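Report on the following structure.
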Number of protein chains: 2
Amino acid sequence: MSDDLAARLRKQGLRLTPQRQLILRAVEELGHATPDEVLAHVRSQVSSVNASTVYRTLEVLEELGLVRHTHLSDRAPTYHSTREHEHVHAVCRRCHAVRSYDPAVVAPLVAALGEDGFTVDVGHLAIFGLCADCASEDPRAPGETEASSARLRG
Amino acid sequence: MSDDLAARLRKQGLRLTPQRQLILRAVEELGHATPDEVLAHVRSQVSSVNASTVYRTLEVLEELGLVRHTHLSDRAPTYHSTREHEHVHAVCRRCHAVRSYDPAVVAPLVAALGEDGFTVDVGHLAIFGLCADCASEDPRAPGETEASSARLRG
DNA sequence: CTTCGTGCAAAATTTTTGCACGTTC
DNA sequence: GAACGTGCAAAAATTTTGCACGAAG
C-alpha cells in the first residue's frame, strides 16, 4: 500500500510527499471519487492542500498504476484504487448507485472484440442503465435520458 | 429525418427552427461529434449560431430521441444520430479511432446484468482499449493510461 | 398575438499552467 | 544542494444562465 507508493515513486525518481500519501489514501477510503471529492476528503484531515495538487497527483498515481479512473457520470471522472480487484462498474441513471461486477460478466465481450484484435480495458468500463430498484419503482418509456427525465421532473 | 424532427417537435409543442435542423443534420453528417465540433460544422454553413444554442438543442434532440451521447474521450461528450442502428462504441486509447460493433457483442453482458435486474443502456456504452493496429505497432506494458503515455511521449 | 427559441454577455465550473518557495533525497 | 513538488493566482476551457429581442405557430 503506502510501501507500494514509496517503492513505485522511488523507481521513477519521484518523491514521497504527505500530499501523495493522503490523496492515495483518500481514493482508497472513498472507493470511487471525483477529484473534487478527493480534495474535500483530504482537506477534512489536513487543511492546506490545493486542487491543482490533487489533479497532478491523481495523474501521477494513475501513471504508477495505483489508481484508475472511469466515467461514472456525465461529468467528472471518478478514481478508484487498483488494490481492489478489477471490476466493472454499472451505474444507475436514476439513483446513481454504482454496483461493481466481476469482470467475468464481460468475458464474452472481451473475447468477441479480441477476435477483432481489440484489447478491452476492462477496468475503465462504465455501464449505464437502470437498476432493479429504479426499474420497479417508476417505470419510464425506454430511450429516455437522464436529461429528459430531469426536465420532465422539473 | 427532418420530418421526424418536425413531427416530434410538434408533438411536444416545440418549434421547428433552422438551428435545430442544422444541428441535427450536423450530428448526422459528423457521425460522432462533440458540441464544439457540431458548432464548428454548423458555423461552416451558417455564420450566426451560438454555442449555447448548440448545447440547448443537443439536449432537446436527445430528449426527442433523435440523438444520443456517449463518452468517447475523457473530455467532452460525443453525440450521434439515432438513425444509425444502435451500436456499441470501441475507442482506441492510442489512435482514438472509434469502431462500432453490433450490439450482439454485449448480449451476454446485458443478459448477465439483466438477471440482476439491471437494464443496460447499450447505446451509451463506450469501450476503451487498444485497437489491433496500435497493439502491433508499438506494444506497451499493460495498465498504462492515456495520460501516462502522453507524459512519456512528452 | 402568444409562447418559444436564440443570441449575447456574464457567470459558474472544472481543469491547466507559470512561477517562486519549500521539501525530499 | 539539486531536483522535484506544492501552493497560489491567473488563465483556459467548457457549460450554464438571465434577459431582451426575434421568430414560429
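Here the structure is a predicted model, which means the values were calculated and not measured. Letters go in sequence order (proteins before strands), and every chain restarts at 1. We use all heavy atoms of the structure for the numbers below, so side chains are in, but hydrogens, waters and symmetry mates are not.
In summary, the side chains of B:D36 and B:T34 do not present any donor paired with an acceptor at a separation below 3.5 Å, with no hydrogens or angles considered.
Counting to the nearest Å, the P atom of D:dG22 and the CG atom of B:N50 are 16 Å from each other. Separating the CD atom of A:E59 from the P atom of D:dT6 is a distance of 12 Å, rounded to the nearest angstrom. Rounded to whole Å, atom P of C:dC4 lies 15 Å from atom CG of B:L64. Distance A:R56 CZ to D:dA9 P: 14 Å, rounded to the nearest Å. The NE2-P distance, from B:H71 to D:dT14, rounds to 15 Å in whole Å. Distance, B:H69 NE2 to D:dT15 C1': 14 Å, rounded to whole Å. As a whole-Å value, the separation of A:K11 NZ from C:dC25 C1' is 18 Å. With rounding to whole Å, B:D74 atom CG is found 16 Å from D:dA13 atom C1'.
A 4.5 Å side-chain heavy-atom check between A:D74 and B:H124 finds at least one atom pair inside the cut-off.
Distance from the side chain of B:Q19 is smallest to C:dG7 among C:dG7, D:dG7, C:dT14. Of the candidate nucleotides D:dT15, D:dA2, C:dG5, C:dG5 has the atom nearest to the side chain of B:R15. Residue A:Y55 places its side chain closer to C:dT14 than to any other of C:dT14, C:dT24, C:dG7. Listed nucleotides: C:dG18, C:dT24, D:dT15. Nearest to the side chain of A:T17: C:dT24.
A:S52 comes within 4.0 angstrom of a base, heavy atoms only. In this structure, B:R10 reaches neither bases nor backbone, as no heavy-atom distance under 4.0 Å exists between it and the strands shown.
Between A:D4 and A:R83 there is no salt bridge, since no side-chain N of the basic residue sits under 4.0 Å from a carboxylate O of the acidic one.
Regarding contacts with the backbone of C:dT16, a side-chain N or O of B:R75 is found under 4.0 angstrom from either OP1 or OP2.
Residues A:A76 and B:G13 each lie close to DNA chain C; by heavy-atom proximity, the contact nearer the 5' end of the strand is made by B:G13.
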>> Test side-chain contact (heavy atoms from CB on, under 4.5 Å) on B:V106 and B:V122; report intermediate values, then the result.
In response: CA-CA 8 Å; B:V106 293; B:V122 174; 4.0 Å; yes

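Here B:A126 pairs with B:L72, B:F128 under the side-chain contact (heavy atoms from CB on, under 4.5 Å) rule; sequence neighbours left out.
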